[in-house]
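The next block holds one structure in the form of structure tokens; read it before the comments.
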Amino acid sequence: MHQRPERRPAASSSSAGSSAASEALTTMAGPVEVRRSARRRRTVTAYREDGRTIVLIPAAFSAAEERRWVDQMVAKLQTREERRKRTLGSDDDLMARARQLSDAHLDGRAVPVSVRWVDNQNRRWGSCTPADGTIRLSSRLRGMPEFVVDYVLVHELAHLLEPNHDQRFWALVHAYPRAERALGFLEGVEHGGRTTPAATDDDLEPGAID
């Protein structure tokens, strides 16, 4: 969940000078952790992590602006998650979506044997085993924007055609028109601060193969 406020707020004396700060809150939706960053100027991002809602905001936000944006982003995230559960809640739904994306962007050439959600991928967004045609998506993607999940699916589908991250592979991935935006979103989540162990660049690559 990523949104741009209408204006850049005035600096707050308590937090504007710090590079990052974190605050824990509790809402009706459960625990919320607010992370402030001086490098973040205008954007607000929210996502789920280990049963919590993480909201990334500019360090310059006032307390009132923080409360308003936390409430707004939590509500939007809940709405999107409910919609996601209705559309991609099951492995069968995920498989159907993968087939649609293959037809739309890969000329239907990528034909997975199975596509399923998994809970044990904490350092990867998705993985593919070309030898048996299986694709797995991390359950951490649930609730993220649809174009982000679609990007990871396209990324893994492309591995069925090109196992390595070579030029031909990336040409396939970028047949999906929102690939750059989705990759930027995922990189922002990774670099926004996570509780998982430090990862190498390869581990952060959404299409890394187990």
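Scope of the values below: all heavy atoms of this structure, side chains included, with no hydrogens, waters or symmetry mates. Here, residue 1 is the first one in the sequence, and each next residue gets the next number.
- Using a 4.5 Å heavy-atom threshold, the side chains of Tyr151 and Val173 count as touching.
- Side chain of Thr79 to backbone of Ala75: a donor-acceptor contact under 3.5 angstrom is found.
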Side-chain donor/acceptor pairs under 3.5 Å, residues 107-114, sequence neighbours excluded:
none

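- Between Glu146 and Arg178 there is no salt bridge, since no side-chain nitrogen of the basic residue lies less than 4.0 Å from a carboxylate oxygen of the acidic one.
- Under the salt bridge (charged side-chain N to carboxylate O under 4.0 Å, His left out) criterion, Arg67 pairs with no residue, sequence neighbours left out.
- The side chain to side chain donor-acceptor pair (under 3.5 Å) check on Glu180 picks up nothing, with sequence neighbours excluded.
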(message) Could you go through His155 and His165, starting from their C-alpha distance and side-chain angles, then the distance that decides it, and tell me whether this counts as ring-ring contact (aromatic ring centres under 6.0 Å, His included)?
(response) CA-CA 10 Å; His155 191 121; His165 288 98; 5.6 Å; yes
(request) Kindly determine whether Tyr47 and Leu56 satisfy side chain to side chain contact (heavy atoms under 4.5 Å, CB included), including the steps that lead there. (result) CA-CA 9 Å; Tyr47 59 92; Leu56 310 177; 3.9 Å; yes
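- Scanning for salt bridge (charged side-chain N to carboxylate O under 4.0 Å, His left out) contacts around Asp132 gives an empty result, with sequence neighbours left out.
- Listed here is the closest heavy atom pair of Phe185 and Pro145: CZ-CD, 3.6 Å.
- Between Asp150 and Arg97 there is a salt bridge, since a side-chain N of the basic residue sits under 4.0 Å from a carboxylate O of the acidic one.
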(message) Is there a side chain to side chain contact (heavy atoms under 4.5 Å, CB included) between Leu186 and Val152? Walk through the geometry before answering.
(response) CA-CA 10 Å; Leu186 292 172; Val152 177; 3.9 Å; yes
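- For the atom pair CD1 (Ile135) and CG (Asp91), the distance works out to 12.0 Å, reported to the nearest 0.5 Å.
- Scanning all heavy atoms of the two residues, the minimum distance from Glu162 to Phe169 falls at O-CD1, 3.4 Å.
- Scanning all heavy atoms of the two residues, the minimum distance from His159 to Cys128 falls at CB-SG, 3.8 Å.
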(request) Check step by step if side chain to side chain contact (heavy atoms under 4.5 Å, CB included) holds for Leu157 and Tyr176. (result) CA-CA 11 Å; Leu157 287 166; Tyr176 179 60; over 6 Å; no
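- Using a cut-off of 4.0 Å between Lys/Arg side-chain N and Asp/Glu carboxylate O, Glu156 and Arg136 are scored as not salt-bridged.
- Listed here is the closest heavy atom pair of Ala46 and Met73: CB-CB, 3.9 Å.
- Using modelled atom types, one finds a donor on one side chain and an acceptor on the other under 3.5 Å when comparing Thr45 with Arg40.
- A cation-pi contact links Arg181 to Phe147, judged by a cut-off of 6.0 Å to the six-membered ring centre and 45° from its axis.
- Here the CG-OG distance, from Leu153 to Ser102, works out to 10.5 Å after rounding to the nearest 0.5 Å.
- A 4.5 Å side-chain heavy-atom check between Glu33 and Arg35 finds at least one atom pair inside the cut-off.
- Glu66 pairs with exactly one of Ile57, Val55, Val44 by the side chain to side chain contact (heavy atoms under 4.5 Å, CB included) rule, that one being Ile57.
- Among all heavy-atom pairs drawn from Leu172 and Leu106, the shortest one is O-CD2, 3.8 Å.
- Residues passing the side chain to side chain donor-acceptor pair (under 3.5 Å) test with Ser139 are Asp119, sequence neighbours excluded.
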(request) Using the side chain to side chain donor-acceptor pair (under 3.5 Å) rule, take Arg116 and Thr134 through it: C-alpha gap first, then chi angles, then the decisive distance, then the call. (result) CA-CA 8 Å; Arg116 59 191 177 90; Thr134 59; over 6 Å; no
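- For the residue pair Pro58 and Arg42, the shortest heavy atom distance occurs at CG-N, 4.2 Å.
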(request) Show the numbers, then the answer: is there a side chain to side chain contact (heavy atoms under 4.5 Å, CB included) between Ser127 and Gln121? (result) CA-CA 9 Å; Ser127 60; Gln121 289 194 151; 2.5 Å; yes
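- A side-chain donor-acceptor contact under 3.5 Å links Ser37 to the backbone of Arg39.
- A side-chain donor-acceptor contact under 3.5 Å links Asp93 to the backbone of Ser90.
- Rounded to the nearest 0.5 Å, atoms CZ (Arg52) and CD (Glu49) are 5.0 Å apart.
- In this structure, CG in Leu141 is found 5.5 Å from CE in Met144, a value given to the nearest 0.5 Å.
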